[in-house]
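Structure record follows, encoded as structure tokens.
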Amino acid sequence: MRHFPIYLDMNRQAVLVAGGGEAAVSKLRLLLKTPARITVADPSPAPAIEGWAAEGRLTLLRREVEAADAVGVSLVYGATEDAARDARAARIGREAGALVNVVDDLKASAFITPAIVDRAPLTIAIGTEGAAPVLARLVKAAIEARLPPGIGRLARLGQRFRARASTLPRGRARRAFWKAFYDEAGPRALERGGERAAETALEGLLHEHAARASNGAGAPGHVDLVGAGPGDPELLTLRARRALDRADVVIHDRLVSPEVLELARREALIIPVGKQGFGPSVPQSRIDALLVEHAGAGAHVVRLKSGDPTVFGRLDEEIEALEGAGISWAIVPGITAASAAVAGLGQSLTRRGRNGAVRFLTGHDMQGFAEQDWRALARPGEVAAIYMGKAAARFVQGRLLMHGADPATPVSLVENASRPDQRILATTLGDLARTVDDARAGGRLSGPVVMMLGLSPRAAASALPARDVPGAEIVPDHVLTPVLEPVLKEATP
Ligand code: SAH
């Protein structure tokens with residue numbers, strides 16, 4: 001982050017704009033929304049600028065900028081659309097100790113103006129460090145479309161109420177109050193009866209929360225057992241996103257991707273409790289205790305598990321611990337690795353005439369390699385997703401062949417399903433162990449792998465990898481949020 005976003009109090013600032021053409025007008029349109037003292041210097045200013053000067057909204061100097069103009073000024077814009085004149089303005093600004101921006105010249109600028117979504121006092125600044133201004137504008141449009149219309153009014157009401165709300169104890173109690181207002185009570189009241197109703201709602205809510213705080217009963221804690229999906233943050237459910245937005249504490253497994261963790265509320269306490277196959281791990285009893293401890297203290301805890309929490313997630317042990325402690329909980333399903341893997345293969349998990357059932361197996365359990373109904377699995381057309389199976393490849397192969405499976409049965413190893421480094425190794429049951437050994441000897445297959453028994457990748461020319469959405473070539477993947485995608489699709493012929 002070379003450009004650090006801050007919000008400047010424009011009440012106290014003087015701004016100097018060198019230039020009087022189109023570029024200056026567009027900067028001034030923004031600057032005039034602020035209470036800053038504005039001076040414009042240009043020998044032949046555009047009519048709009050003349051008009052603003054006549055209204056007394058800015059001071060107009062009908063000449064080139066001079067050193068004296070920059071005294072006491074904190075921001076100087078070079079907006080003459082002429083390189084030599086801009087360079088002169090920039091020099092004058094820098095010598096006066098001001099921050100300088102030269103329009104369309106990143107190198108000469110000490111600061112840049114972001115794209116702004118203006119629902120004052122809610123303002124959203126969007127920047128790409130000058131790398132992709134068009135992208136910033138697309139993101140702006142997407143956010144504009146998404147924001148509820150009343151949001152600026154709610155923020156203004158909230159602003160007026162801040163002093164009153166500071167009678168609540170700082171921290172969780174106060175946060176819970178504001179959350180309840182902006183999430184539910186505020187928008188509902190505004191829609192029903194306008195600002196008056198929203199104000200009444202604020203009063204009522206404050207009363208309720210103050211009473212709760214004074215009798216020591218903080219809001220009760222809660223645990224959401226959330227599926228983080230296979231890694232791609234776009235494969236999170238909306239409910240998972242919301243839980244992450246609201247979390248006080250996030251307790252997550254090793255396989256949860258950093259991109260997903262990034263979405264947790266910034267103030268949330270993040271606790272990794274990674275478990276790695278047979279390797280060292282935080283004992284389950286300690287995880288159970290952590291959940292109870294934090295939720296018991298009133299926190300909204302998100303227990304984040306890769307994929308779907310109900311698939312090989314040791315979920316029941318955690319639920320039993322929560323039940324035992326009388327703590328409320330809910331399951332938020334996620335996309336399991338098998339679903340992401342077949343999507344990568346371009347195949348279906350079930351298919352009429354081939355398999356009317358699909359099994360999810362684990363390659364190993366607490367005792368070691370896991371025994372299964374091998375006879376059933378060895379039948380032609382069977383499809384199974386084998387989790388935690390890398391180390392068990394030779395064992396699985398041996399058992400299946402022993403029970404009469406065809407060595408030509410396809411097996412696809414999908415590593416890092418849904419992630420940018422997703423890799424697919426297509427092999428057969430007869431070659432499975434050798435393929436895995438070779439790959440691992442070559443330093444491959446170091447990520448999570450799900451083995452898809454009975455499926456090979458579809459060889460179809462028209463099947464694009466899922467992430468090849470239009471526009472992806474100019475945009476880093478993680479920027480392609482679901483909000484933005486429709487905009488990009490529309491903008492790309
Ligand atoms: N609850 C998870 C599974 C946890 S067990 C789910 O529903 O997906 C951990 C195993 O899941 C790993 O050993 C691997 O077999 C599989 N797995 C998880 N994420 C994966 C990914 N992105 N790609 C491939 N396999 C994955």
Side-chain angles (χ1 to χ4, degrees), residues 224-237 240 251-261 272-282 284 287 302-319 331-347 349 358-366 368-370 372 383-393 395-396 411-427 432 435-436 439-440 444-453 455 457 465-467 477-478:
D224 279 323
L225 303 149
V226 177
D232 181 349
E234 287 188 38
L235 295 181
L236 278 173
T237 63
I251 300 177
H252 71 91
D253 288 346
R254 184 183 57 90
L255 281 182
V256 172
S257 72
E259 290 80 4
V260 169
L261 279 178
V273 290
K275 266 196 281 213
Q276 184 158 16
F278 298 111
S281 64
V282 178
Q284 186 62 46
I287 299 176
V302 167
R303 172 70 175 110
L304 200 55
K305 291 166 178 285
S306 75
D308 183 275
T310 71
V311 178
F312 305 126
R314 299 187 70 177
L315 190 64
D316 300 75
E317 293 161 57
E318 294 177 16
I319 291 175
I331 298 175
V332 180
I335 291 184
T336 189
S339 299
V342 282
L345 296 175
Q347 294 286 10
L349 269 179
V358 58
R359 291 165 207 251
F360 291 0
L361 317 176
T362 172
H364 69 75
D365 55 25
M366 309 282 276
F369 295 143
Q372 309 287 352
V383 170
I386 307 174
Y387 291 67
M388 296 172 278
K390 244 186 313 188
F395 169 78
V396 169
V411 179
S412 297
L413 299 153
V414 184
E415 180 188 17
N416 295 319
S418 89
R419 304 182 184 207
D421 50 356
Q422 167 174 299
R423 238 194 244 148
I424 295 171
L425 278 180
T427 183
L432 176 60
T435 307
V436 171
R440 294 180 92 183
R444 301 169 71 190
L445 291 188
S446 57
V449 174
V450 63
M451 292 198 288
M452 302 303 297
L453 174 73
L455 292 178
R467 41 187 66 244
D477 262 350
H478 60 272

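In each ligand, atom 1 is the first atom listed, and ligand 1 is the first ligand listed.
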Under 4.0 Å to a heavy atom of T336 - the qualifying atoms of ligand 1, by number: 6 (C), 7 (O), 8 (O)
Quick one: does any side-chain atom of R359 pair with a main-chain N or O of V383 as donor and acceptor, under 3.5 Å? no
Parallel, tilted or perpendicular: which fits the ring planes of Y387 and F360, with parallel below 30° and perpendicular above 60°? tilted
Below 4.0 angstrom from a heavy atom of P448, which ligand 1 atoms are there? Numbered from 1 as shown, please. 17 (N), 20 (C), 21 (C), 23 (N), 24 (C), 25 (N), 26 (C)
Can you find an N/O atom of P230 closer than 3.5 Å to an N/O atom of ligand 1? yes
Got an N/O contact under 3.5 Å between M388 and ligand 1? yes
Return the OG1 to CG distance between T427 and L432, rounded to the nearest 0.5 Å. 6.0 Å
With atoms numbered from 1 as shown, which atoms in ligand 1 lie under 4.0 angstrom from a non-hydrogen atom of A337? 6 (C), 7 (O), 8 (O), 16 (C), 17 (N), 18 (C), 20 (C), 25 (N), 26 (C)
When rounded to the nearest 0.5 Å, the distance separating CD1 of I251 from CG of L304 is 10.5 Å
Just verifying a value: how many Å separate M451 CE and L425 CG, rounded to the nearest 0.5 Å? 12.0 Å
Looking only at atom types and distance, does a side-chain atom of D224 sit under 3.5 Å from a main-chain N or O of V226, one as donor and one as acceptor? no
Just need the protein heavy atom nearest to atom 11 (O) of ligand 1, so name the residue and atom and give the distance. Y387 CD2, 3.4 Å
Please confirm whether G313 comes within less than 3.5 Å of ligand 1 when only nitrogen or oxygen atoms on both sides are compared. no
Quick one: does F312 get an N or O within less than 3.5 Å of an N or O on ligand 1? no
Identity and separation of the nearest protein heavy atom to atom 15 (O) of ligand 1: V449 O, 2.6 Å
For ligand 1, which atoms have a heavy atom of V414 less than 4.0 angstrom away? 24 (C)
Contact between K305 and ligand 1, counting heavy atoms under 4.0 Å? no
Run the salt bridge (Lys or Arg N to Asp or Glu O under 4.0 Å) test against R423 and tell me which residues pass, sequence neighbours left out. E415
Could you give the distance from CZ (R314) to NZ (K305), rounded to the nearest 0.5 Å? 8.5 Å
Determine, using heavy atoms of G231 and all atoms of ligand 1, whether some pair is separated by less than 4.0 Å. no
The protein heavy atom nearest to atom 2 (C) of ligand 1 is S306 O, 3.1 Å
Tell me the protein heavy atom at minimum distance from atom 21 (C) of ligand 1, and give that distance in Å. A417 N, 3.5 Å
Mind running side-chain contact (heavy atoms from CB on, under 4.5 Å) on T435 and V411 for me, showing each step along the way? CA-CA 10 Å; T435 307; V411 179; over 6 Å; no
Atoms of ligand 1 less than 4.0 Å from R419 heavy atoms? 22 (N)
Could you tell me the separation between the CE atom of M388 and the NE2 atom of H364, rounded to the nearest 0.5 Å? 5.5 Å
Give the numbers and elements of all ligand 1 atoms closer than 4.0 Å to a heavy atom of L255. 9 (C), 12 (C), 18 (C)
Counting both backbone and side chain atoms, is some N or O of E415 under 3.5 Å from an N or O of ligand 1? no
Student check: side-chain heavy atoms of V414 and L345 closer than 4.5 Å: yes
Is it the case that ligand 1 has an N or O less than 3.5 angstrom from some N or O of V311? yes
Do D253 and R303 sit within salt-bridge range, that is, some charged N less than 4.0 Å from a carboxylate O? yes
Is it the case that ligand 1 has an N or O less than 3.5 angstrom from some N or O of D308? yes
